[in-house]
Amino acid sequence: MSIFDFLLARKKTNTASIAKERLQIIVAHERGSRGQPDYLPALQEELIAVIRKYVPIDQDQVQVALENQGTCSILELNITLPDR
Amino acid sequence: MAQIIVVTSGKGGVGKTTSSAAIGTGLALRGHKTVIVDFDVGLRNLDLIMGCERRVVYDFINVIHNEATLSQALIKDKRLDNLYVLAASQTRDKEALNKEGVARVIEELKKDFEYIICDSPAGIETGAHLAMYFADIAIVVTNPEVSSVRDSDRILGLLASKSQRAEKGEEPIKEHLLLTRYNPERVARGEMLSVDDVEEILSIGLLGVIPESQAVLKASNQGVPVILDDQSDAGQAYSDAVDRLLGKEVKHRFLEVQKKGLLQRLFGGRE
Ligand SMILES: Nc1ncnc2c1ncn2[C@@H]1O[C@H](COP(=O)(O)OP(=O)(O)OP(=O)(O)O)[C@@H](O)[C@H]1O
Ligand SMILES: [Mg+2]
């Protein structure tokens, strides 16, 4: 990039760098859940519904992950309850 | 040993068919017997880009369903002796493709061809899945734009888990990034993701960068793969990409804003 292009680029908001940052975050997130069984989102949904019967919680306060360790799999639930 | 190359992207309209036609033609130009197979059942288009649309009698689905032999369905290119096209069916639904049928046709093609290029449909349904399933090499066509990059990453995940190589625990599919519709002016203005940005996010090797080019539309209007327009930027960029695919080291071109005359020579190119 020449000095002229650089000066030109500086004047406007660099939307490409916003795009890059957003992509890095979403791609990292999606790679993390890659290979997870398809039923996990539905399971998470239903768990939230059950817990909400008793405690008001947000969508992101329940995390569900399946981890494979050798021959067995561990279903990990992480539920953050609101402050009392 | 025949090599099966899938040209895939997840997102639609990014340049898979344009790239399949160009790369297949480029391989044939370099003396390799090549067939390009259209997996886009119901939305056949490779025939138009290759300029053989009026010579399609039988298609891929006819062969799968034993309604025609492979040699009846293969369409020989008018320009090159060692280049063939297998058209997709225009009428049938996507369910007409099945793994056993595709496997049989691919096995038969492997006996006769050095390169089998599979032009994948968009999406992640049956057609896209079967186009990548038997691949040895994947060319992931990506535009410098958020949804295309994200979808490409998704496709990389599928290549690594849902292909025959992955299921059999064989050596993984070789993945190449082909960045198309690149506009160096917009990159310089900070309006478009740069090659480096996309490479960094997807972290796979760069096969080539095809500039946004008027030559592509001109070529498709005439049914001539753009690589045959050797005066055009896109044609030359595809040509470089084919050389790289064959293992040559070629400097990337058309990455910088085109300047006229001396300045262009001073600032163009990238190691
Ligand atoms: N480098 C380029 N410069 C300009 N236009 C391009 C370029 N590459 C592709 N196009 C245009 O983009 C459009 C889509 O291209 P193409 O049909 O190859 O995409 P595709 O990925 O096969 O689409 P689909 O997902 O529908 O199969 C076409 O109109 C084509 O002419
Ligand atoms: Mg296409």
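Because only heavy atoms are used, hydrogens play no part in the values below, and waters and symmetry mates are left out as well, while side chains stay in. Each chain gets a letter, A, B and so on, in the order the sequences are listed, and its residues count up from 1.
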If I measure from the heavy atoms of chain A, does E200(B) come under 4.5 Å with its side chain, its backbone, both, or neither? side chain
With rounding to the nearest 0.5 angstrom, report the CD to CG distance, E191(B) to N14(A). 9.5 Å
Could I get the full list of ring-ring contact (aromatic ring centres under 6.0 Å, His included) partners for Y133(B), not counting sequence neighbours? H129(B)
Tell me whether R52(A) at atom CZ has more than 12 heavy atoms from other residues, nucleotides or ligands lying less than 6.0 Å away. yes
Spacing of CG belonging to L193(B) relative to OG1 belonging to T15(A), to within rounding of 0.5 Å: 8.5 Å
Above 12 or not: heavy atoms from other molecules or residues under 6.0 Å from CD of E21(A)? no
R104(B) atom CZ, neighbour heavy-atom count above 12 within 6.0 Å: yes
Note: vs chain A, highest number of non-hydrogen pairs under 4.5 angstrom among I201(B), L158(B), V149(B), L202(B) is I201(B)
Are I26(A) and V146(B) close enough that some pair of their side-chain heavy atoms sits under 4.5 Å apart? no
Counting only heavy atoms not in K218(B), do more than 12 sit closer than 6.0 Å to its NZ atom? no
